[in-house]
Amino acid sequence: MSKTTKKTSGLSTDKNWWRQAAIYQIYPRSFADSNGDGIGDIKGITSRIPYLKSLSIDAVWLSPFYPSALADGGYDVDDYRDVDPKLGTLADFDEMLAGLHAEGIRVFVDIVPNHSSNLHEWFKEALAAKPGSKARNRYIFRDGKGANGELPPSDWVSHFAPSSWTHESTFGGKNNQWFLHWFAPEQPDFNWENREVQKDFLKTLKFWSDRGVDGFRIDVAHGLAKDLSEPFRSMPVHEGLEQRGNKGKGIWGDRNEVFAIYKEWRKLFNQYDPPRVAVAEAFVHPERLPLYASTKTLGQCFDFRFIETPFEANTYRIATQEAIELAKKNKSSCTWTLSNHDQIRHATKMGLNPAVNRRDWMLSNGTSHPLDMQSGTQNALAATLYILGLPGSTYMYQGEELGLHEVSDIPEKDIQDPQYLRNLKVDKGRDGCRVPLPWTATGSSFGFGSGGAHLPQPKWFADYAVEVEEKDSLSPLAIYRKALKIRKDLQTKEEIKWHKTKDVSVLHYSRPNGWHCITNFRAQSYPMPKGEILVTSSPLVGGQIPAGTTVWFKKK
Ligand code: GLC
Ligand code: CA
C-alpha cells in the first residue's frame with residue numbers, strides 16, 4: 001500500500017529534504033491572532049504565510065493546537081485528531097497546510113504521546129471506571145500505600161514537582177487509587193504497554209499524515225516506556241541525564257522498550273511518499289541520541305547542546321564536532337538549535353554575564369543583574385550565523401529572527417506556566433519566551449491582533465517589531481532573511497572543514513563550494529580573510545571582524 005501526497009506545486013520531490021532544512025517553530029497561541037480574542041490561531045498563521053515565505057524556511061513546526069484546557073500550554077491534549085475551537089477548525093488547518101505547501105513550506109505537527117490531558121475522553125472514562133478495568137488500564141492507576149491507601153504508591157517526583165502521583169479524587173474519581181503523571185496532574189501518563197494506546201497513536205499519526213502533514217516533533221520521546229515493576233524503584237529526585245545514560249534501564253526515561261514503538265511508527269511513515277519524517281525531543285545522555293535518530297526509528301533527534309553551550313570558541317567547536325559525529329552514527333543529520341518554547345531566549349542568555357544564575361535572574365524579574373540587550377542580540381546573531389552555516393538542519397523559534405529577548409517581568413497574576421505555578425514558585429517558568437510576537441510598533445498588542453494579547457507585552461517590543469526591522473537593513477530580521485536565502489543556494493554535501501586561526505577565540509570552517517564561515521567570539525578584533533563577503537552578523541570595523549560577529553564569505 002503506497003500513499004502519494006497530492007501533487008502540490010511548491011514542494012520539492014527530494015526524499016532527503018529534511019536533512020539540511022531550516023525549520024521555524026510556531027507557538028500558535030502567540031504567533032498571530034485573526035479574530036481579536038487575544039489568542040493566536042490557525043487563520044493567523046495563514047495570514048502570515050507571506051512573512052514565513054520571506055524567511056526562506058523549508059518547514060514550520062507547530063506546537064500543539066489541539067483542543068486543550070491549557071494546563072501546560074497545549075501539551076495537555078484533549079483530542080489528538082482535532083483543532084482547538086479557540087484556534088480554529090480542521091478546515092482552517094487544511095487551508096493553512098495547502099497555503100504553506102503552495103509556497104514550498106512543509107509542516108511538522110507536535111505529537112504528545114507520553115500523556116494526554118485529564119479532559120481526554122479516555123481519562124474521563126478511566127476515572128468513572130473500576131480499578132482493573134480496561135478503561136483504567138490505558139493509564140497508570142495504582143493503589144496507594146499506608147493503611148488506607150492514603151500515601152502515593154512510590155516516591156517518584158514529577159517534573160512540575162512535587163509527587164508524580166495524584167489521588168483520583170482530585171478529579172472526582174471515587175475508587176481511592178492514584179494515577180501517574182510525569183508532568184502536571186492534568187497530564188496523566190498513558191500506559192504504553194497497552195496495545196490499544198499503541199494503536200490509537202498509529203491512528204493519530206495516520207490521520208495527520210493522510211492530511212498531508214510532512215513531519216512530526218515527538219514530545220518527551222524518551223518517556224513512554226516505564227519500569228512499573230513492584231515494589232517500585234526509588235526516585236526521590238527527578239532522573240537526570242546521568243541516570244538516563246544507564247543503558248536503557250532507567251525508571252521512566254529512555255528505556256530500551258521505547259524503540260519498538262518507534263520502529264512501528266517508522267513503518268507507517270515509510271508508507272508515504274515522501275516518507276513522513278520525525279524528530280525526537282529526547283533528553284537523554286548524548287550517547288543514546290542515535291538510537292532515537294536511527295533510520296529504523298524516528299530518523300532525527302534534537303541535540304540540545306547549543307542551548308546550554310556558552311558563547312565561547314572552544315566549547316562551540318567541541319560541541320559541533322561531537323554533534324556531527326553522533327548524527328553520522330545513524331545516518332541522521334544534525335539538529336542545530338539555540339532556542340525553543342521551553343528555554344530562556346538565547347539573546348537574553350548571551351546578554352547576561354555568564355556567571356549569573358539565569359533562574360535567579362528570572363525570579364528577580366530581571367532586576368538582579370543588568371542585561372545588555374544590544375550585545376545579547378549581537379552575540380545571538382553571531383551564534384545563529386555560526387549554526388546556520390553548519391551541515392545539517394536548524395530548528396529556530398519564532399521571534400529569534402527579531403533578536404527578541406525574554407520577557408522577565410511578567411506579573412505573577414498573569415503567569416500561565418505550570419513550571420512556575422506548580423513548582424513551589426522557585427522557577428519563573430517559560431512564559432517569558434511565549435509572549436505574543438510584535439508585528440507593528442504601535443497598535444493593539446503590537447499588531448498581534450486587534451484585541452490584546454494573552455500574555456502582557458513589554459513596551460520595548462516596539463523596537464523589535466517586524467514592521468520596524470523590515471525598514472532596517474542591519475536588523476536581525478534582515479540578517480536572518482539574507483542568511484537563510486543564501487544558505488538555501490549554498491547547501492550541498494554535509495561536509496565541514498576546519499581552518500586554523502591566529503586566535504583561540506576565533507573559529508573558521510568551510511563547506512563545499514568555497515563557502516566559509518568565521519566567528520570572532522571574543523578577540524578584540526580579527527583581520528577579515530580574503531574573499532567575497534556574503535553576509536555579516538554585525539558590520540565589520542575598518543576591515544576587521546569585531547568581537548561577537550560571524551561572517552560568511554566565499555573563496556574560489
Ligand atoms: C516537552 C514540551 C514542554 C512540555 C512537556 C510536557 O518538554 O516541550 O513544553 O511542558 O514536554 O509535555
Ligand atoms: Ca484568536
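Read the numbers this way: they start at 1 and go in the same order the structure lists the ligands and their atoms. Note that the numbering runs from 1 along the sequence shown for the chain.
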Under 4.0 Å, heavy-atom basis, I'd like to know which part of [X] is in contact with ligand 1: side chain, backbone, both or neither.
X	value
Gln419	neither
His341	side chain
Arg434	side chain
Arg217	side chain

Looking only at protein heavy atoms, which one is nearest to [atom], and how far off is it?
atom	result
atom 2 (C) of ligand 1	Asp219 OD1, 3.0 Å
atom 10 (O) of ligand 1	Asp72 OD2, 2.6 Å
atom 7 (O) of ligand 1	Glu281 OE2, 2.7 Å
atom 8 (O) of ligand 1	Asp342 OD2, 2.5 Å

Exercise. From Thr46 OG1 over to Asp92 CG, what is the distance, rounded to the nearest 0.5 angstrom?
Worked result: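 Rounded to the nearest 0.5 Å, the OG1-CG separation comes out at 7.0 Å.
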For this session: First locate atom CD1 of Ile410, then atom OH of Tyr420, and finally report the distance between them rounded to the nearest 0.5 Å.
Result: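 Going from CD1 on Ile410 over to OH on Tyr420, the span is 11.0 Å.
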For this session: Would you name the heavy atoms of Val468 and Ala441 that are closest together and state the gap between them?
Result: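 It is CG2-CB, 3.7 Å.
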Heteroatom of [X] nearest to the Ca ion (ligand 2) (N, O or S, atom name):
X	answer
Asp37	OD1
Asp41	OD2
Asp33	OD1

Exercise. Passes side-chain hydrogen bond (donor to acceptor under 3.5 Å, both in side chains), His346 versus Ser339? Steps please.
Worked result: CA-CA 6 Å; His346 68 275; Ser339 271; 2.7 Å; yes
Exercise. Strictly under 6.0 Å, is that where the ring centroids of Trp208 and Phe93 end up?
Worked result: yes
For this session: Report yes or no: is the cationic atom of Arg276 (NZ for Lys, CZ for Arg) under 6.0 Å from the centre of the six-membered ring of Phe269, at an angle within 45° of the ring normal?
Result: no
For this session: Taking the six-membered ring of Trp192 (Phe, Tyr or Trp), confirm whether the NZ or CZ of Arg255 is under 6.0 Å from its centre and within 45° of its axis.
Result: no
Ligand 1 atoms in contact with [X] (distance to a heavy atom under 4.0 Å):
X	answer
Phe183	5 (C), 6 (C)
Arg430	3 (C), 4 (C), 9 (O), 10 (O)
His115	6 (C), 12 (O)

For this session: Before giving the answer on salt bridge (Lys or Arg N to Asp or Glu O under 4.0 Å), spell out for Arg422 and Glu186 the whole-Å C-alpha distance, their side-chain angles and the decisive distance to 0.1 Å.
Result: CA-CA 11 Å; Arg422 298 214 165 261; Glu186 292 85 357; 2.9 Å; yes
For this session: Classify the angle between the aromatic ring planes of Trp460 and His405 as parallel (below 30°), tilted (30 to 60°) or perpendicular (above 60°).
Result: perpendicular
For this session: Could you check Trp182, Trp178, Phe232 and say which one makes a ring-ring contact (aromatic ring centres under 6.0 Å, His included) with Trp156?
Result: Phe232
Problem set entry | Backbone or side-chain N/O/S of Gly449 under 3.0 Å of the Ca ion (ligand 2) |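 Of the N, O and S atoms in Gly449, none lies under 3.0 Å from the Ca ion (ligand 2), which means no.
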For this session: Specify whether an N/O/S atom of Ser34 falls short of 3.0 Å from the Ca ion (ligand 2).
Result: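 Not a single backbone or side-chain N, O or S atom of Ser34 is under 3.0 Å from the Ca ion (ligand 2).
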